[in-house]
Amino acid sequence: MSDDRKPDSGPIWNVRSLVGDLADDLPKAAPAPPMRVPAAPPATLSTPARRVLERPDDSNETPPGPISDDALETAESPDTQPRGGWISEGETPRPSSGDSMRLFTLLLGIAVVASVLILIVVGLVAGRDEDLSGAVPPPIPVTSTEDLRDAETPSEVVSHQEEQALPAAVADPEEEALARLKELHRQDLHTVPLDGQYAAQLASKTVGIVDTNQVAANGSHTFYARDILEEHASLRQRFGGEARIVLLLSTDYGRKQQLDGQPLWVTFALLPNLKKEAVTGWCARQFPQMRGAAQENRCIPRRLNPPGTSTG
C-alpha cells in the first residue's frame, strides 16, 4: 500500500500538546515496512484439463513450455468442454446439436408412420365388424360332385335362355322358308344332268304369285315362300317312292325363264324312263281325275336342256 497523505498536511493530533515534555521520553515507533502482495502459488491443472492438454504417452515429442494464465483459466473453467480426441475416464461425450436434430426427426417420422398404420388397422377392423354385424348368410347346401358337374352357371343359363328367346323374337318365317328353299336347290342342282332329258314338272311358282287353280297352305291363292316350301315338301313325300323329286330354278336350264324379273321355284320328278311319252303317261296315272289344261297345270313333261338353249 502507498501513503495517501499529502506532504504539506500536519498531524491529525499533537502528542506534545497532550503530554508535554514527556513526549521526548516516549519510544518512537519504527516506520512501517512497505506492504508486499504475496505472490500467487504456482497453478496446478486439474486432472481432466491436464489430460486434454497433455499429449499421449507414446509421443516422442518434447513437452511444451510453461502454460499461460489464459490456458489455466480455460482448463479450470467448469463450463468449458475439452476439445480434442481425449476424454477423461468416466466422462460421457455430449452429442452435437446436429446429431440431436437428426435423432429428433427420425423419432418423429417413426411416430407418424406408426400412427397412420394404427388408423388403417382400426378402419379395417371397424369395416369388418360392420359386415359381420349384418344378417347371417344362409347355410350352403351340400351337393355331390355329380350335381356340381351337371349344374350350369347363371351366365350359361342366361345365355341359353337368350339363344332360345332370340329366334322366337327375331326370326321371320318367310326368311326361314326362303333359306330352306335355297339349301334344297343347292343340294339338288348338282345331281340333275341337264343334257336334254325329260322330267315331270309338278310345281312352278315365285314368291307372291297368285294361282286361282290352287289353294296355298295359308288358305288363299297367293303363294309365299312358306307356301312354296310346304308344297314342295308335300310332293317330295307323295311321289318320292316312284321318282326322285328335286328342286331347281327356272334359270338353271333351257331359256332361263323369269316371271316379273324373278326366277321360279320348280319341282321336278325324275323318272327312270327319260322319254316324253313315258313322262306324259306317268302324269296321267298320278292325276287321273284331271284332264286337259287342269292336268297340265299340275303335271307336264319338261325337257331339261343346258342353260341358254330352248326347252321342249
Side-chain angles (χ1 to χ4, degrees), residues 167 171-288 290 293-312:
D172 184 0
E174 282 295 299
E175 294 294 334
E176 287 184 348
L178 188 60
R180 178 57 179 164
L181 290 172
K182 291 180 180 179
E183 182 181 358
L184 293 173
H185 168 257
R186 184 174 58 255
Q187 294 174 358
D188 295 340
L189 177 61
H190 300 290
T191 65
V192 179
L194 302 176
D195 54 1
Q197 67 174 350
Y198 280 91
Q201 176 178 315
L202 300 177
S204 176
K205 294 181 176 63
T206 60
V207 176
I209 193 172
V210 177
D211 188 349
T212 57
N213 296 322
Q214 287 183 280
V215 178
N218 58 23
S220 68
H221 296 287
T222 303
F223 287 78
Y224 299 100
R226 294 179 61 187
D227 303 309
I228 296 173
L229 178 61
E230 179 69 22
E231 183 182 29
H232 174 78
S234 177
L235 293 173
R236 185 182 290 262
Q237 181 179 3
R238 178 179 177 183
F239 302 111
E242 299 181 13
R244 187 163 66 92
I245 309 302
V246 297
L247 180 65
L248 299 179
L249 285 173
S250 61
T251 54
D252 294 334
Y253 57 89
R255 292 179 293 180
K256 298 182 178 182
Q257 293 180 343
Q258 293 184 359
L259 180 64
D260 298 332
Q262 298 184 35
L264 293 89
W265 297 98
V266 185
T267 300
F268 285 104
L270 302 180
L271 304 175
N273 192 338
L274 304 181
K275 293 182 179 181
K276 183 177 181 180
E277 293 78 7
V279 174
T280 302
W282 184 85
C283 287
R285 291 191 300 272
Q286 301 302 324
F287 300 95
M290 295 181 179
Q295 183 180 357
E296 291 179 357
N297 190 54
R298 294 303 307 268
C299 185
I300 186 173
R302 184 72 66 186
R303 192 170 187 178
L304 301 178
N305 289 324
T309 61
S310 60
T311 59

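None of these values were measured; they are calculated from a predicted model.
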Run the numbers on S204 and R302 for side chain to side chain donor-acceptor pair (under 3.5 Å), then give the verdict.
-> CA-CA 12 Å; S204 176; R302 184 72 66 186; over 6 Å; no
Looking only at heavy atoms, which two atoms of E174 and A225 are closest? And how far apart?
-> OE1-N, 3.0 Å
Between atom CZ of R303 and atom CG of L274, what is the distance when rounded to the nearest 0.5 Å?
-> 11.0 Å
Could you tell me whether the side chain of H185 and the main chain of L248 form a donor-acceptor pair under 3.5 Å?
-> no
Would you find a donor on one side and an acceptor on the other, under 3.5 Å apart, between the side chain of H221 and the backbone of Q214?
-> yes
Enumerate the residue pairs fulfilling disulfide bond (SG atoms under 2.5 Å apart) with a member in residues 176-286, sequence neighbours excluded, ordered by first and then second residue.
-> C283-C299
Check: L184 and L229 side chains under 4.5 Å, non-hydrogen atoms | yes
Any idea which heavy atoms bring P263 and T206 closest together, and the distance?
-> O-CG2, 3.3 Å
Residue pair D227 / E231, side-chain heavy-atom distance below 4.5 Å = no
Which atom names give the shortest non-hydrogen contact between Q286 and R238, and what distance separates them?
-> O-NH2, 3.6 Å
Is there a donor-acceptor pair under 3.5 Å between the side chain of Q201 and the backbone N or O of I300?
-> no
Take atom CG in D195; do more than 12 heavy atoms of anything else shown fall under 6.0 Å from it?
-> yes
Determine, for R186 against E183, whether the closest basic-nitrogen to carboxylate-oxygen distance falls under 4.0 angstrom.
-> no
Take atom OH of Y224 as the centre, draw a 6.0 Å sphere, and report whether it contains more than 12 heavy atoms from other residues, nucleotides or ligands.
-> no
Which distance, rounded to the nearest 0.5 Å, do you find between the CG of L259 and the NZ of K205?
-> 12.0 Å
From Q262 atom CD to L264 atom CG, the distance as rounded to the nearest 0.5 Å = 8.5 Å
State, to 0.1 Å, how close D252 and L194 come at their nearest heavy-atom pair, and which atoms those are.
-> O-CD1, 3.2 Å
Side chains of L270 and L304: closer than 4.5 Å at any heavy-atom pair?
-> yes
Report the distance from atom CG of D172 to atom CG of L178, rounding to the nearest 0.5 Å.
-> 10.0 Å
Full working for ring-ring contact (aromatic ring centres under 6.0 Å, His included) between W282 and Y198 | CA-CA 12 Å; W282 184 85; Y198 280 91; over 10 Å; no
Interatomic distance, T309 atom OG1 to K256 atom NZ [nearest 0.5 angstrom] = 10.0 Å
Centroid-centroid distance, W265 to F223, less than 6.0 Å | no
Listed partners of D188 passing salt bridge (Lys or Arg N to Asp or Glu O under 4.0 Å), at least two apart = R236
Check A203 against L235 and note the closest heavy-atom contact, atom names and distance.
-> CB-CD1, 4.0 Å
Ignoring hydrogens and geometry, is there a side-chain-to-backbone donor-acceptor pair from T267 to H232 under 3.5 Å?
-> no
Minimum heavy-atom distance T222-G208, with the two atoms named = CG2-O, 3.9 Å
